[in-house]
**Student:** 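This is the structure I have questions about; it appears just below.
Every heavy atom of this structure was used, including side-chain atoms; hydrogens, water molecules and symmetry mates were not.
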Amino acid sequence: MDFWSNEQNPNQSNEYQNRPPVRPGNMMELAACILGYVAIATTCCIYLSLVCGGLAVILGLLSRGKNKKLPDRARIAVTTGAVAMIATVCMTAFMFATTIRQYGSIDNFMKTYMETVEQLSPGLETNTDGI
């Protein structure tokens, strides 16, 4: 049989004929899992973690399709996305509360921050007019 010919040997099994059918939500589950893991890994990056976690939850729930039960991979994606979003919100609230407790207000924190910047870089002019 010639390599370039379109004829196939009827005794030869085609590897693609024996594959099981792919569920429609399978790729969506995979994308949701990857986004959930990225959300967990980037919990300290507020915006990226919230976006990836939210997308993981949405894609995980949408991958269910018409089934009543979530597949295992979709359940893992929803869980990791939700945990990442909750951890990010809790960590941000804790940092905000700690800053308020330590400095009294955001204005005092910004004043202390600007004084520190001026001390560390004496030749740098800082514009405090907000322009």
Side-chain angles (χ1 to χ4, degrees):
M1 180 164 102
D2 188 17
F3 180 74
W4 298 105
S5 72
N6 292 332
E7 299 174 13
Q8 290 185 356
N9 186 357
N11 296 332
Q12 186 179 13
S13 173
N14 189 353
E15 64 184 77
Y16 296 110
Q17 292 174 346
N18 298 331
R19 281 191 357 191
V22 178
R23 278 189 317 108
N26 203 12
M27 295 305 288
M28 205 177 304
E29 287 176 20
L30 179 64
C33 272
I34 292 171
L35 285 169
Y37 296 143
V38 168
I40 289 285
T42 60
T43 303
C44 293
C45 303
I46 298 170
Y47 301 115
L48 184 62
S49 178
L50 290 177
V51 169
C52 289
L55 286 174
V57 169
I58 290 170
L59 289 178
L61 291 174
L62 287 177
S63 69
R64 178 179 59 157
K66 295 180 182 178
N67 297 338
K68 292 185 179 182
K69 186 179 176 187
L70 276 175
D72 290 336
R73 205 176 348 175
R75 193 174 326 120
I76 290 170
V78 170
T79 304
T80 55
V83 166
M85 289 192 305
I86 290 170
T88 301
V89 168
C90 289
M91 191 180 323
T92 305
F94 176 74
M95 287 187 280
F96 185 72
T98 302
T99 302
I100 295 294
R101 189 183 65 201
Q102 177 129 8
Y103 293 101
S105 69
I106 296 294
D107 291 333
N108 289 341
F109 169 73
M110 290 306 292
K111 205 178 298 181
T112 306
Y113 175 75
M114 292 307 291
E115 289 172 3
T116 305
V117 168
E118 289 172 2
Q119 288 175 357
L120 294 177
S121 55
L124 182 68
E125 292 183 26
T126 57
N127 187 357
T128 58
D129 295 336
I131 299 174

**Student:** Kindly give the cluster partners of M91, where membership spreads through any ILVMFWY side chain lying under 4.5 Å from a current member.
**Tutor:** M95
**Student:** Has T92 got a side-chain atom pairing as donor or acceptor with T88's backbone, closer than 3.5 angstrom?
**Tutor:** yes
**Student:** Should M85 and V78 be counted in the same cluster of Ile, Leu, Val, Met, Phe, Trp and Tyr side chains packed under 4.5 Å apart?
**Tutor:** yes
**Student:** Are V57 and L62 connected in a single hydrophobic cluster, I mean Ile/Leu/Val/Met/Phe/Trp/Tyr linked by side-chain heavy atoms less than 4.5 Å apart?
**Tutor:** no
**Student:** Quick one: does S49's side chain have a donor or acceptor within less than 3.5 Å of a partner on I46's backbone?
**Tutor:** no
**Student:** Tell me whether S121 contacts the main-chain N or O of E118 through its side chain, where contact means a donor paired with an acceptor under 3.5 Å.
**Tutor:** no
**Student:** Do the side chains of T80 and L35 get nearer than 4.5 Å, heavy atoms only?
**Tutor:** no
**Student:** Taking transitive links into account, so neighbours of neighbours count too, which hydrophobic residues share a cluster with I76 at under 4.5 Å side-chain distance?
**Tutor:** Y37
**Student:** Residues two or more places apart in sequence or in another chain: which of them pass side chain to side chain donor-acceptor pair (under 3.5 Å) with D72?
**Tutor:** R75
**Student:** Considering non-hydrogen atoms only, spot the tightest contact between C33 and A77 and give its length.
**Tutor:** N-CB, 3.6 Å
**Student:** Give a yes or no on whether V83 and V51 share a hydrophobic cluster (residues Ile, Leu, Val, Met, Phe, Trp, Tyr; joining criterion: side-chain heavy atoms under 4.5 Å apart).
**Tutor:** no
**Student:** Identify the two heavy atoms, one from R64 and one from K69, that lie closest to each other, and give their separation to 0.1 Å.
**Tutor:** CG-O, 3.9 Å
**Student:** Quick one: do M110 and F96 end up in the same hydrophobic cluster if we chain Ile, Leu, Val, Met, Phe, Trp and Tyr together by side-chain heavy atoms under 4.5 Å apart?
**Tutor:** yes
**Student:** Examine M27 and I34 and state if one hydrophobic cluster contains both, with Ile, Leu, Val, Met, Phe, Trp and Tyr joined whenever side-chain heavy atoms are less than 4.5 Å apart.
**Tutor:** yes
